[in-house]
Every structure is written in C-alpha cells, then in structure tokens.
Amino acid sequence: FGLGACASQPPDFSYGGAGFQPNNVRLNLAYAERNFGDMSQYRGKPAETAAALAQFEAAVAGMRDPATSVALPMRYGSQVAAAVREEREAIGISLHVLPNQASAALAAAVGPLTSGDAAAIRTALSNPLFTLGPDETLARLTNLPRMWMMESIAPILTRAAGSESGVVIR
C-alpha cells in the first residue's frame, strides 16, 4: 500500500457513518491510511488536520492498551514512535503527554475550528497541552509541515486493524 491507495478514497471523518470513537482502536486504525496517509491534503484546513491528528493519537493510545488485542509487529514500533515525535514537535505537544490526552485535546478543537468561532477556537487551543499557545498552534494546524513518518506508517496501521498478532506497543 502506498500513497496511491489513499488517493482513491477521500478522507472520511464519519468513519463510514460510525463517527469518531476514540476508544475504538480498530475503527481508527482501519481509517488510518485514508485519513492520515497524506496530510498535505489538509493544508489550509485546520479542523481536518486536528481531526486526523486526533485519530492518529487515538490509534496510538489504543495500540498501547493490551485489552484491545490489536498488535503491531515489533519491527514497526520505532516508526510509530518517530511518527508521534514528528507530529508532537509540529504542533507543540510534549512527548510526556499520553496519547489519549493528546487525542482528546485535538478532538475538542475540531468543532470550534469547523464553526470558525474565534473565541471558541482560542479557548480550545489554549489547552495547556498545546505548548505553543493558541495562535501558533492554529498557524501550525493550518499549515502543517509534511508528516513523512506518519504518512509512511499509515498503511501499516490500517493493516494492523485486522491483526491480533505481534507485540502491543507500550
């Protein structure tokens, strides 16, 4: 699977009508390639960027949870860690923040970003998890740099949605 596979299916933040479910790791992984396999498609679209990053963080949180029984072959663990680092550095979230917390903060910003309500956007992006402050965080969500590691791991994460073998990422 490459980026070409993403191009045939547009992003779907309705998750096939199921809606974003942070605790549904298989659903988040199933839409990984489609929704964050090519982050350049969200340039100028901060709400979509935040939604894709929230999904990525939710998928990482789910893979870390042994109760999900979703596993990724150990050889991909360092790539997932590099993708998390890349994403967190781009938008100013500390590596010490748990993935489920990062996902929740990003997901909470989607509604205000979609509506364009400046006060609500400022409030959502003033969350202390966003260390760059609301203005710089909004600027970065609007013009995210290329996420090479995240995009390269997305097809592998999609394939992991149907797996129950390998090692759970901690």
Side-chain angles (χ1 to χ4, degrees), residues 1-13 15-16 18 20-43 45-46 48-107 109-110 129-132 137 140-170:
F1 293 85
L3 291 180
C6 308
S8 64
Q9 293 191 15
D12 179 2
F13 293 112
Y15 303 91
F20 179 54
Q21 300 170 34
N23 296 323
N24 188 338
V25 66
R26 289 192 190 281
L27 185 66
N28 289 309
L29 290 171
Y31 281 82
E33 184 173 11
R34 191 170 179 172
N35 290 352
F36 54 84
D38 177 11
M39 292 299 291
S40 69
Q41 65 188 320
Y42 305 127
R43 191 140 296 131
K45 302 175 182 176
E48 289 87 345
T49 300
L53 297 179
Q55 178 193 354
F56 172 68
E57 290 281 358
V60 172
M63 288 186 299
R64 290 177 52 149
D65 182 355
T68 65
S69 77
V70 170
L72 191 67
M74 194 150 63
R75 68 183 178 272
Y76 296 118
S78 63
Q79 286 178 269
V80 172
V84 169
R85 267 192 312 279
E86 172 185 66
E87 174 247 349
R88 300 278 184 98
E89 288 172 5
I91 60 171
I93 295 178
S94 167
L95 288 174
H96 300 291
V97 173
L98 293 174
N100 61 331
Q101 294 170 327
S103 177
L106 287 158
V110 173
L129 267 57
F130 299 116
T131 62
L132 302 174
T137 301
R140 298 220 182 167
L141 289 171
T142 302
N143 192 25
L144 196 68
R146 191 69 191 258
M147 298 279 100
W148 296 105
M149 292 306 299
M150 181 187 299
E151 292 172 14
S152 69
I153 199 75
I156 296 160
L157 295 177
T158 293
R159 286 194 299 276
S163 76
E164 291 190 27
S165 61
V167 176
V168 175
I169 296 174
R170 301 265 179 246

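The shortest non-hydrogen separation linking Ala59 to Leu29 is CB-CD2, 3.8 Å. In this structure, Ile153 and Ala83 approach most closely via the heavy-atom pair CG2-CB, 4.2 Å. Here the closest heavy-atom approach between residue Arg26 and residue Ala161 is recorded as NH1-O, 2.6 Å. Residue Ser40 comes nearest to Glu151 through the heavy atom pair N-OE2, 4.0 Å, listed as atom of the first residue, atom of the second, then distance. Here the shortest heavy-atom pairing between Ala58 and Pro22 reads CB-O, 3.7 Å. Closest approach of Gln41 and Lys45 over heavy atoms only: O-NZ, 3.7 Å.
Under the 3.5 Å distance criterion, the side-chain polar atoms of Asn35 are matched with a main-chain donor or acceptor of Asp12. The backbone N or O of Glu33 sits less than 3.5 Å from a side-chain atom of Thr158, completing a donor-acceptor pair. Side-chain atoms of Asn28 come within 3.5 Å of backbone atoms of Gln21 as a donor-acceptor pair (strictly under, hydrogens ignored).
Pro11 is not listed as a side-chain neighbour of Glu48, based on a closest heavy-atom distance of 4.5 Å or more. Phe20 has its side chain out of reach of Leu27: every pair of non-hydrogen atoms, C-beta onward, lies at least 4.5 Å apart. Contact check for Asp65 versus Asn23: no side-chain heavy atoms found under the 4.5 Å cut-off. The shortest side-chain heavy-atom distance between Gln79 and Met149 falls under the 4.5 Å cut-off. No side-chain heavy atom of Leu132 sits less than 4.5 Å from a side-chain heavy atom of Ile91. Proximity of Leu53 to Leu141: side-chain heavy atoms (C-beta onward) are separated by under 4.5 Å at one or more points. Proximity of Phe36 to Met147: side-chain heavy atoms (C-beta onward) are nowhere separated by under 4.5 Å.
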Using a 3.5 Å cut-off and no angle test, enumerate the donor-acceptor pairs between side-chain atoms of residues 96-106 and protein atoms at least two apart in sequence or in another chain.
residue	atom	partner	partner atom	Å
Gln101	OE1	Leu98	N	3.1
Ser103	OG	Ala54	O	2.9

side-chain contact (heavy atoms from CB on, under 4.5 Å) evaluation trace for Gln55 with Tyr31: CA-CA 9 Å; Gln55 178 193 354; Tyr31 281 82; 3.4 Å; yes
Arg140 and Thr49: CA distance, side-chain angles, deciding distance, side-chain contact (heavy atoms from CB on, under 4.5 Å) verdict: CA-CA 9 Å; Arg140 298 220 182 167; Thr49 300; over 6 Å; no
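Atoms OG1 and CZ, on Thr142 and Arg43 in that order, are 11.0 Å from each other to the nearest 0.5 Å. Within the model, atoms OH of Tyr76 and CE of Met63 stand 12.5 Å from one another, a figure rounded to the nearest 0.5 Å.
Sorted by first and then second residue, the salt bridge (Lys or Arg N to Asp or Glu O under 4.0 Å) pairs involving residues 76-96 (not counting sequence neighbours) are Glu57-Arg88.
Every ring pair (Phe, Tyr, Trp, His ring centres under 6.0 Å) that Tyr42 has, sequence neighbours left out, goes to Phe13.
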